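What follows is a short report on a single structure.
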Amino acid sequence: MLPLVPLTSPPATEAQLLHQAQRVAGYSLGELAAMAGLPIPKDLKRDKGWIGVLLERWLGASAGSKPEQDFAALGVELKTIPIDSQGRPLETTFVCVAPLTGNTGVTWEMSHVRHKLKRVLWVPIEGDRAIPLADRRVGAPLLWSPNEEEERQLSQDWEELMDMIVLGQVERITARHGEVMQLRPKAANSKALTEAIGAHGEPILTLPRGFYLKKNFTGALLARHFFA
DNA sequence: CACTGATCATGA
DNA sequence: TCATGATCAGTG
């Protein structure tokens with residue numbers, strides 16, 4: 001048996017990436033943290049991105065805050081997703097920050113959302129808060145690209161939300177806008193402000209927003225794979 | 001249950 | 001401040 005160790009450099013191929021993700025499937029977060037020499041927090045209250053960082057480490061993603069895909073050379077984005085005992089998502093999935101200004105002429109084709117979601121390695125993680133963090137297990141990974149239907153849904157929601165942003169309606173957007181993708185605050189706190197367009201075309205300051213995939217969307221794509 | 005706004009850590 | 005990684009926690 002080869003020893004199970006984190007990748008220290010990015011995988012060279014998708015197949016290699018997927019294979020490593022399959023190797024860590026079944027292990028608990030406690031086991032993976034110990035093998036990687038990473039301290040494990042008692043819960044996620046103050047370490048919300050800890051699982052994502054742990055998996056980045058195991059799969060050889062370049063950590064950091066670079067505005068590009070986790071595996072740039074492969075064009076693949078890594079997403080961990082908390083699931084319940086039935087394999088259903090427990091949380092929405094953050095995609096990227098929404099640009100609130102400078103959007104004239106921007107199309108779906110060139111959007112950050114489309115680019116981010118072009119190819120995603122989904123790694124489901126047991127997320128029930130009743131399970132101690134260290135005992136939560138990693139599920140089987142799924143390498144995914146949006147099919148025609150999903151691409152249509154995403155682009156439709158993106159158009160709707162971006163139209164409202166461009167037309168100065170950002171503060172009227174609620175999480176109910178969009179069938180599969182929503183716009184919600186994405187900020188350090190409620191005092192963090194960024195520039196946007198007001199109802200009369202004037203500059204305003206508002207909460208930074210992010211695009212999030214709704215659970216119906218991620219739930220369906222996971223189900224399609226695992227319960228087909 | 002989903003929605004909603006708020007929040008936490010870290011680094012450039 | 002904004003980008004990365006996300007979840008928390010209160011309310012209908």
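Keep in mind that this is a model prediction, so the values were computed, not measured.
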NZ/NE/NH1/NH2 to OD/OE distance under 4.0 Å, A:Arg114 and A:Glu109: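 Judged by the 4.0 Å cut-off on N to carboxylate O distance, A:Arg114 and A:Glu109 do form a salt bridge.
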Does the distance from a Lys or Arg side-chain N to an Asp or Glu carboxylate O, for A:Arg137 and A:Glu31, drop under 4.0 Å?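 No.
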Would you mind reading off the distance between [X] atom [atom1] and [N] atom [atom2], rounded to a whole angstrom?
X        : N     : atom1 : atom2 : answer
A:Ile125 : C:dT7 : CD1   : C1'   : 14 Å
A:Leu133 : C:dC8 : CG    : C1'   : 14 Å
A:Arg176 : B:dC1 : CZ    : P     : 16 Å
A:Glu68  : C:dA3 : CD    : C1'   : 12 Å
A:Gln86  : B:dC1 : CD    : C1'   : 15 Å
A:Asp43  : B:dA9 : CG    : C1'   : 14 Å
A:Lys116 : C:dA6 : NZ    : C1'   : 12 Å
A:Leu205 : C:dT1 : CG    : C1'   : 12 Å

State whether the number of non-hydrogen atoms from other residues, nucleotides or ligands found under 6.0 Å of A:His177 atom NE2 is greater than 12.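 Counting neighbours around NE2 of A:His177, more than 12 heavy atoms of other residues, nucleotides or ligands fall under 6.0 Å, so yes.
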Need one value for [X]: base, sugar-phosphate or nothing, where a base atom within 4.0 Å counts as base even if backbone is also close, heavy atoms only.
X       : answer
A:Gln69 : nothing
A:Ile51 : nothing
A:Thr93 : nothing

Would you say the side chains of A:Thr206 and A:Arg209 form a donor-acceptor pair under 3.5 Å?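 Note: A:Thr206 and A:Arg209 side chains meet the donor-acceptor criterion.
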Which atom pairs, one a donor and one an acceptor, fall under 3.5 Å between side chains of residues 38-49 of chain A and the rest of the protein, sequence neighbours left out?
| residue | atom | partner | partner atom | Å |
| --- | --- | --- | --- | --- |
| A:Asp43 | OD1 | A:Lys45 | N | 2.9 |

Proximal nucleotide (of B:dC3, C:dC2, C:dA6) relative to the A:Gln182 side chain: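 My answer, after comparing the listed nucleotides, is B:dC3.
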Under the criterion side-chain hydrogen bond (donor to acceptor under 3.5 Å, both in side chains), which of A:Glu160, A:Glu159, A:Arg152, A:Gln153 is the partner of A:Gln156?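 Exactly one candidate clears the test, A:Arg152.
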Collect all protein-nucleotide pairs involving nucleotides 5-8 of chain B in which both atoms are nitrogen or oxygen and the distance is under 3.5 Å.
| residue | atom | partner | partner atom | Å |
| --- | --- | --- | --- | --- |
| B:dG5 | O6 | A:Arg184 | NH2 | 3.3 |
| B:dT7 | OP2 | A:Ser190 | N | 3.0 |
| B:dT7 | OP2 | A:Ser190 | OG | 3.3 |
| B:dT7 | O2 | A:Lys48 | NZ | 2.6 |
| B:dT7 | O4 | A:Ala187 | N | 3.3 |
| B:dT7 | O4 | A:Ala187 | O | 3.0 |

Between A:Pro208 and A:Pro82, which residue's closest nucleotide on DNA chain C lies nearer the 5′ terminus?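 Upstream on the strand: A:Pro208.
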Tell me whether the OP1 or OP2 atom of C:dT7 has a side-chain N or O from A:Lys215 closer than 4.0 Å.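 A:Lys215 to C:dT7 OP1/OP2: no side-chain N or O under 4.0 Å.
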Just N and O in the side chain of A:Thr92: are any of them under 4.0 Å from OP1 or OP2 of B:dC3?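 Checking A:Thr92 against B:dC3: no side-chain N or O falls below 4.0 Å of OP1 or OP2.
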Identify all side-chain donor-acceptor contacts of residues 91-103 of chain A below 3.5 Å with residues at least two apart in sequence or on another chain.
| residue | atom | partner | partner atom | Å |
| --- | --- | --- | --- | --- |
| A:Thr92 | OG1 | A:Arg184 | NH1 | 3.1 |
| A:Asn103 | ND2 | A:Pro99 | O | 2.7 |

